[in-house]
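To keep things clear, I will list the structure first and then write my remarks on it.
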Amino acid sequence: MKLILLGAPGAGKGTQAEVICKELDIPAISTGNIIREAMKNGTKAGLEAKSYVESGGLVPDEIVLEMLKERLAQDDCKNGYILDGFPRNLKQAEALDRMGIVIDKVISIEISDDAIVERLTGRRVCQDCGSSYHTVYKPSKDGELCDKCTGRLIIRKDDEPETVLNRLKTYHELTEPLKEYYGKSGKLRPVESQEEVLETTKLTLKALEA
Ligand code: ADP
Ligand code: ZN
């Protein structure tokens, strides 16, 4: 099974991807994670990607495609996979088609911009261990330090309010048209994001059966 997860930044694609990946026993592939890893390791592609990520724009297609191809060539992808965060524009969707990859279903997680801004601007991550918190939904005991390792909680650079608005703009302009692209071929399955993560998961799993 080959799946795509669409949705605005902060819609919870990554969370749902984890569940589906266990359920179907296929890997979840997040281009965002691959790019962040490359940035952390300071590879040539990572260095090139940095300014785009930090401003809330898209990393150039050639760079992302190269990273994706390399990942999909690995052995664990032979029975299928979930693409989380790819494709993000029409060019990338067409590139997938050209690679001869046939997608079975596209789950689109729907959520309002207001809800996203609230979610992302409240997100805090531990600078030492990377654990994730939220000022309203999941505060740490201390408020400023990590429960697990007492590291300082910081705002991810691309979660700063101005960048969040840019990421949303990028989503609406470039990524959202993919709903029509996959709708035409009857592959699109919209799922309304719920307050409770588990509820969204139930709807997501149901959408996979349809
Ligand atoms: P989110 O979905 O919360 O924005 P991601 O982790 O999916 O977070 O992506 C973080 C950033 O990585 C994006 O804002 C973008 O700059 C870059 N990125 C991820 N996937 C792609 C892609 N397929 N094409 C171009 N840029 C990407
Ligand atoms: Zn920590």
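Since we're looking at a predicted model, the values are computed, not measured. Residue indices begin at 1 and follow the sequence shown. When a ligand or atom number is given, it counts from 1 through the structure's own listing order.
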Under 4.0 Å between a side-chain nitrogen and a carboxylate oxygen: does that hold for K179 and E110? yes
V59, portion touching ligand 1 at heavy-atom distance under 4.0 Å: both
Backbone or side-chain N or O of T31 under 3.5 Å from ligand 1 N or O: yes
D158 to ligand 1: N or O pair under 3.5 Å? no
Out of all atoms in ligand 1, which are within 4.0 Å of some heavy atom of G10? Include the element for each. 3 (O)
Three-point angle C129:SG, the Zn ion (ligand 2), C146:SG, rounded to the nearest 10°: 110°
Minimum heavy-atom distance between I101 and K2, given as atom pair plus value: CG2-CD, 3.8 Å
With atoms numbered from 1 as shown, which atoms in ligand 1 lie under 4.0 angstrom from a non-hydrogen atom of V64? 22 (C), 23 (N), 24 (N), 25 (C)
Do Y171 and D113 have a side chain donor and acceptor closer than 3.5 Å? no
On the ring face of Y133, is K138 found with NZ or CZ under 6.0 Å from the centre and within 45° of the axis? yes
Atoms of ligand 1 close to G57 [distance to a heavy atom under 4.0 angstrom, numbered from 1]: 14 (O), 15 (C), 16 (O)
With heavy-atom distances below 4.0 Å as the criterion, list the atoms of ligand 1 near Q92. 22 (C), 23 (N), 24 (N), 25 (C)
For residues V191 and K206, determine if any side-chain heavy atom of one lies less than 4.5 Å from a side-chain heavy atom of the other. no
Is ligand 1 under 4.0 Å from a heavy atom in the side chain of I35, in the backbone, in both, or in neither? side chain
Could you tell me whether K13 and ligand 1 have an N or O pair separated by under 3.5 Å? yes
Short list, please: which atoms of ligand 1 are under 4.0 Å from a heavy atom of V53? 12 (O), 16 (O)
Among all protein non-hydrogen atoms, which one is nearest to atom 1 (P) of ligand 1, and what is the separation to 0.1 Å? R167 NH2, 3.4 Å
Checking heavy-atom distances from atom 9 (O) of ligand 1 to each of K91, R88, K50, the winner is R88
Could you tell me whether the side chain of F86 reaches within less than 4.5 Å of the side chain of I34, counting heavy atoms only? no
Hey, which atoms in ligand 1 end up nearer than 4.0 Å to a heavy atom of R36? 6 (O), 10 (C)
What I'd like to find out is whether the side chain of M39 reaches to under 4.5 Å of the side chain of L47, using heavy atoms alone. no
Distance col, row I103:CD1 vs D97:CG, nearest 0.5 angstrom, shows 8.0 Å
Below the 3.5 angstrom mark, is there an N/O of D84, backbone or side chain, next to an N/O of ligand 1? no
State, without any angle test, whether S193 and R119 hold a side-chain donor-acceptor pair at a distance under 3.5 Å. yes
Polar contacts were defined as any N/O atom of the residue lying under 3.5 Å from an N/O atom of the ligand; does this apply to F86 and ligand 1? no
Can you tell me how far CD1 of I82 sits from CG of D104, rounded to the nearest 0.5 angstrom? 11.5 Å
